[in-house]
Amino acid sequence: MIGLSKKLMLIDGNSIAYRAFFALPLLNNDKGIHTNAIYGFTTMLMKLLDEEKPTHLMVAFDAGKTTFRHKTFEDYKGGRQKTPPELSEQFPFIRDLLDAHNIKYYELDQYEADDIIGTLSTQAEKDGFETVVISGDKDLTQLASEKIRVDITKKGITDLEKYTPSHIEEKYGLTPDQIIDMKGLMGDSSDNIPGVPGVGEKTAIKLLKQFGTLENVLNSIDEVSGKKLKEKLEENKQLAEMSKKLATITRTAPVTVKLDELEKQEVNYDKLTKLYKELGFNSLLDKLDGEEEEIELKDIEWEEVTDFKDGDLPSHAELYVELYDVNYHTADILGISVHADKKTYFISPENAAKSEVFKKWIEDENVTKSVYDAKESIVAFDRLGMHLKGIDFDLLIASYVIDASEAADDFASIAKRHGADAVPTDESVYGKGAKKKVPEKNELMQHTARKAATIHAIKETCISALEKNEQLELFEKLELPLAAVLAEMERTGVQVDIDRLKDMGVELKKKLEEIQSDIYRIAGEEFNINSPKQLGVILFENLKLPVLKKTKTGYSTSADILEKLKPEHEIIEHILLFRQLGKLQSTYIEGLLKVIHDDSNKIHTRYNQVLTQTGRLSSTDPNLQNIPIRLEEGRKIRQAFVPSEKEWVMFAADYSQIELRVLAHISDDEGLKEAFHKGMDVHTKTAMDVFGVAKENVTSGMRRHAKAVNFGIVYGISDYGLSQSLDITRKEAADFIKKYLDSYPKVKEYMDDIIHEAKQKGYVETLLHRRRYIPEITSRNFNLRGFAERTAMNTPIQGTAADIIKKAMIEMAERLKAENLQTRMLLQVHDELIFECPKDEIEKLEQIVPEVMESAVELSVPLKVDYSYGSTWYDAK
DNA sequence: TAGGGCACGC
DNA sequence: GACGTACGTGCCCTAG
């Protein structure tokens with residue numbers, strides 16, 4: 001191995017983690033894990049890799065509590081503060097971080113990280129390596145040599161002092177070996193190494209300059225100047241010798257790792273991305289994206305066509321539509337690619353729209369097409385005047401069904417996940433933010449063509465994964481057909497009464513101005529009420545209201561806190577009202593007006609079918625799943641949602657307590673099932689069972705509590721969450737939950753079983769085999785595990801409910817068609833479907849909507865659907 | 001431009 | 001014993 005220079009970096013893991021922990025404020029992520037040491041460790045690692053560019057590296061950790069040094073001196077490292085739990089919980093993540101970087105780490109029973117480093121650096125020196133040691137512990141400087149540099153953290157974590165023999169000479173006038181002698185004489189308080197009492201750094205250095213080694217000093221005490229010093233040395237000979245021994249880093253520890261095993265590996269970007277996301281390291285995520293672009297791209301072959309001839313297009317192909325924006329209802333369509341047999345075509349949207357052959361092919365149900373994002377594709381082709389039919393595969397949905405936890409950011413990440421050749425990210429092709437632009441035509445065609453070819457390349461892998469997980473039916477019979485149903489709902493859109501919305505806006509504006517001036521008058525000054533920071537100053541500093549809760553950045557001014565402060569000051573209720581009406585104005589009046597298509601006065605939301613971990617849909621631009629209903633003022637917003645045809649009505653149908661019915665079914669609990677078999681009010685029934693009273697003795701308070709517990713069960717909240725929603729103590733909340741589970745023993749059994757199952761299998765499943773992986777269920781971290789357990793209990797309930805309504809939607813769409821009805825399905829709000837229909841179809845809907853929805857699946861308890869209709873969404877209540 | 005705080009729905 | 005605790009979307013504010 002001559003010629004190539006090999007550079008080894010050895011990092012003292014514990015020491016650097018400690019440094020990072022104490023150098024940075026106690027950051028935590030959204031899951032309540034502290035991350036400062038992990039973050040500091042990460043940034044330091046990045047910097048070191050960048051600056052030093054080691055060819056080999058390893059991180060050494062201390063093993064356990066006792067080391068061989070304790071045999072020499074029982075009290076070694078005695079009196080040292082215990083590792084704070086906030087730090088120790090971070091160590092597993094540091095190991096994950098190293099795993100993601102494919103960096104080896106090592107620990108050795110009975111030895112400290114120092115000894116591992118000492119042993120390996122000595123070996124490395126013999127093998128011709130240049131070595132850099134990174135630590136926060138100056139002891140390590142004894143290892144310095146011509147080939148070994150020891151970098152010790154100075155201030156913070158990234159400022160390093162580089163110890164070479166000449167630097168040590170300059171600083172102390174000693175050789176690296178003499179550092180050990182120095183420690184023997186002066187001791188080290190942090191490791192509880194005693195040394196010679198009364199001898200500090202200055203004296204130690206003086207003695208060593210005169211005599212060379214500790215042994216020489218002790219053998220020549222007569223020659224030492226100073227009577228006191230002589231006495232001290234004489235009395236503490238043994239102590240000094242022992243101290244030197246303790247301070248000596250061993251170079252011969254039984255390290256089993258070989259140097260060639262430490263060669264630097266490629267970073268596992270997938271793992272690293274996942275970890276950074278989990279930890280909330282967003283700034284580092286951005287950097288990663290930049291690095292990943294360096295992957296090598298193989299150009300693919302494609303042919304641009306202006307039209308197709310009969311016979312060009314086979315009975316199966318991969319198809320991709322490239323758009324300029326995420327909103328496919330409005331985005332520019334940039335191009336279409338078709339991967340047919342061994343050829344990949346590109347056609348511009350203008351030419352595609354003109355081609356009769358292409359249109360016929362797109363609309364042919366017997367021609368199967370594999371796509372990425374069926375819903376987007378259907379809508380895009382719709383806009384080109386073609387009805388895309390015959391979709392047999394969707395890479396995006398398949399990927400979601402296989403594992404929803406892998407975020408579906410863009411095509412590139414999904415392709416990579418399934419082992420395809422690299423696809424550039426859309427961001428790298430188009431740029432982002434203000435710099436975003438369409439690339440030159442060849443690059444656009446290449447990019448678009450590549451996607452169609454990629455779908456072809458990995459389709460079978462995905463199908464196999466689905467088959468293996470028994471999810472092919474969920475994919476083919478539920479999610480794929482649902483995409484078409486959703487596409488149609490989105491395309492149909494919902495009509496908005498703009499004038500009504502604007503009128504409400506004018507009225508709100510007037511009210512808001514009144515409230516605002518009231519608040520300014522009471523406060524005695526003007527300020528921005530929407531700024532929690534400024535509001536906090538007014539409430540808690542000027543008005544001196546009690547501070548009940550603080551946030552990361554200041555005083556909490558959230559509604560639940562303000563609610564408690566209501567009796568303290570008249571300003572509070574005005575602020576609450578200002579917030580409530582302000583929300584209506586900005587999000588619902590102004591927000592909705594912004595997204596109305598002005599040619600039709602309709603709103604076209606987008607349902608995200610591949611986002612939630614439970615299988616629910618989400619809705620954006622606008623979000624039509626959070627239109628107000630609870631408070632009357634907000635509920636009036638729904639008056640602006642109207643039928644798109646004269647003399648039609650809005651028809652709304654919702655499942656009654658679908659999640660609790662699912663729970664009754666899954667758990668098979670008699671008590672719970674009874675409520676549904678007898679058609680009782682489930683919250684009243686729960687109150688009866690939990691409080692052990694007869695129906696007529698259930699008070700409204702009892703029912704409220706029971707309802708909150710049921711809510712908690714459905715959403716998987718903790719005792720803490722329950723205590724917050726009922727404003728009771730955590731203990732009381734925990735008692736309620738216990739009583740609930742005592743009342744419904746088979747629910748308890750289900751909860752225990754599902755947690756056990758999740759631990760065994762690593763995932764939980766819904767009725768229709770939707771999976772959610774829950775790796776945190778085995779976490780040592782109390783927090784993460786608690787989360788995971790509630791997720792395990794809740795996902796089969798909420799996910800099954802999501803499965804059921806999705807199935808109902810598909811069947812509803814089929815039924816409307818089969819019955820030749822004009823009725824249109826418009827919206828889905830988790831357990832509710834909203835239609836618009838001609839008045840003469842109301843009667844028919846009253847029959848078929850509940851029928852279809854209630855029979856979507858058969859459970860051991862009946863499903864129940866309530867419905868109503870009216871001239872606006874508001875009136876369909 | 002990103003993140004925090006807040007509020008809406010289920 | 002820890003230490004924070006359904007999810008998702010979108011608004012406004014603030015700090016960089």
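Keep in mind that what you see is a predicted model, and the values were worked out from it rather than measured.
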Answer with base, sugar-phosphate or nothing: what part of the nucleic acid does A:Ser718 contact at a heavy-atom distance below 4.0 Å? base
Atom CZ in A:Phe540, atom OG1 in A:Thr557: separation rounded to 0.5 Å? 7.0 Å
With sugar-phosphate meaning primed atoms plus P, OP1 and OP2, does A:Asp621 contact a base, only sugar-phosphate, or nothing at under 4.0 Å between heavy atoms? sugar-phosphate
Residues in ring pair (Phe, Tyr, Trp, His ring centres under 6.0 Å) contact with A:Phe782, at least two apart in sequence or another chain: none
Rounded to whole angstrom units, what separation is found between the CD atom of A:Gln625 and the P atom of C:dC7? 16 Å
Do A:Gln657 and A:Asn710 meet the criterion of a side-chain donor-acceptor pair at a distance under 3.5 Å? no
Would you indicate, yes or no, if C:dG8 has its OP1 or OP2 atom less than 4.0 angstrom from a side-chain nitrogen or oxygen of A:Asn623? no
Report all side-chain donor-acceptor pairs from residues 529-537 of chain A shorter than 3.5 Å, counting only partners two or more places apart or in another chain.
{"unit_1": "A:Ser531", "atom_1": "OG", "unit_2": "A:Lys533", "atom_2": "N", "d": "3.4"}
{"unit_1": "A:Ser531", "atom_1": "OG", "unit_2": "A:Gln534", "atom_2": "N", "d": "3.1"}
{"unit_1": "A:Gln534", "atom_1": "OE1", "unit_2": "A:Asn528", "atom_2": "N", "d": "2.9"}

Using atom C1' in both nucleotides, what's the gap between B:dA7 and C:dA6 to the nearest angstrom? 16 Å
Under the side chain to side chain contact (heavy atoms under 4.5 Å, CB included) rule, collect the residues that match up with A:Thr551, sequence neighbours excluded. A:Thr553, A:Ser556
Cation-pi, A:Tyr763 ring and A:Arg771 (6.0 angstrom, 45 degrees): yes
Contacts of A:Lys437 that satisfy side chain to side chain contact (heavy atoms under 4.5 Å, CB included) - sequence neighbours left out: A:Tyr324
Short side-chain N/O contact to C:dT14 OP1/OP2 from A:Gln534, under 4.0 Å: yes
Residue-phosphate contact under 4.0 Å: A:Thr614 side-chain N/O, C:dA6 OP1/OP2: no
Measure from CG on A:Asp560 to P on C:dT5 and round the result to the nearest Å. 13 Å
Determine, step by step, whether A:Asp735 and A:Lys731 satisfy the salt bridge (charged side-chain N to carboxylate O under 4.0 Å, His left out) criterion, reporting the C-alpha distance in whole Å, the side-chain angles of both residues, the deciding distance to 0.1 Å, and the verdict. CA-CA 6 Å; A:Asp735 280 351; A:Lys731 170 121 189 13; 3.4 Å; yes
Stem list for DNA chain C, please, built from Watson-Crick and G-U wobble pairs under 3.5 Å and keeping only runs of at least 3. B:1-9 with C:7-15
Scan for ring-ring contact (aromatic ring centres under 6.0 Å, His included) pairs involving residues 620-642 of chain A, sequence neighbours excluded, and state none if there are none. A:Phe641-A:Trp873
Of all nucleotides in DNA chain B with an atom under 4.0 Å from a non-hydrogen atom of chain A, which is the first and which the last going 5' to 3'? B:dG3 to B:dC10
Looking for any heavy atom pair under 4.0 Å, which part of the strands does A:Asn608 touch: base, sugar-phosphate only, or nothing? nothing
Select base, sugar-phosphate, or nothing to describe what A:Val714 touches, counting heavy atoms under 4.0 Å on all strands. nothing
Residues A:Leu663, A:Leu672; criterion side chain to side chain contact (heavy atoms under 4.5 Å, CB included); working and verdict: CA-CA 8 Å; A:Leu663 175 62; A:Leu672 201 51; 3.9 Å; yes
Same-atom distance (P) from C:dT5 to B:dC6, integer angstrom: 13 Å
Scan A:Asn530 against the nucleic acid and name what it touches under 4.0 Å (heavy atoms): base, sugar-phosphate only, or nothing. sugar-phosphate
Mind listing the side-chain donor-acceptor pairs of residues 788-795 of chain A below 3.5 Å, one per line with the distance, residues two or more places apart or on another chain?
{"unit_1": "A:Arg790", "atom_1": "NE", "unit_2": "A:Gly716", "atom_2": "O", "d": "3.0"}
{"unit_1": "A:Thr791", "atom_1": "OG1", "unit_2": "A:Phe787", "atom_2": "O", "d": "2.8"}
{"unit_1": "A:Asn794", "atom_1": "ND2", "unit_2": "A:Val714", "atom_2": "O", "d": "2.3"}
{"unit_1": "A:Thr795", "atom_1": "OG1", "unit_2": "A:Arg772", "atom_2": "NH1", "d": "3.0"}
{"unit_1": "A:Thr795", "atom_1": "OG1", "unit_2": "A:Thr791", "atom_2": "O", "d": "2.9"}

A:Arg616 vs A:Glu89, nearer the 5' end of DNA chain C by closest nucleotide: A:Glu89
Scan A:Ser556 against the nucleic acid and name what it touches under 4.0 Å (heavy atoms): base, sugar-phosphate only, or nothing. sugar-phosphate
Counting the benzene-type ring for Trp, do A:Phe736 and A:Tyr740 have ring centres under 6.0 Å apart? no
Apply side chain to side chain contact (heavy atoms under 4.5 Å, CB included) to A:Ala675 and list each qualifying residue two or more places apart in sequence or on a separate chain. A:Val682, A:Lys685
Residues from residues 627-641 of chain A lying under 4.0 Å of DNA chain B - heavy atoms: A:Ile627, A:Pro628, A:Ile629, A:Arg630
Heavy atoms only, 4.0 Å cut-off, all strands: where does A:Glu86 land among base, sugar-phosphate and nothing? sugar-phosphate
Suppose we screen for side chain to side chain contact (heavy atoms under 4.5 Å, CB included). Which residues come up paired with A:Lys864, at least two apart in sequence or across chains? A:Ser656, A:Arg661, A:Glu854, A:Asp866
Using a heavy-atom distance cut-off of less than 4.0 Å, which residues of residues 577-589 of chain A contact DNA chain C? A:Lys583, A:Ser586, A:Thr587
Looking only at side-chain atoms of A:Arg730, point me to the closest of C:dT14, C:dT5, C:dT9. C:dT5
A:Ser619 side chain to A:Thr605 side chain, donor-acceptor N/O pair below 3.5 angstrom: yes
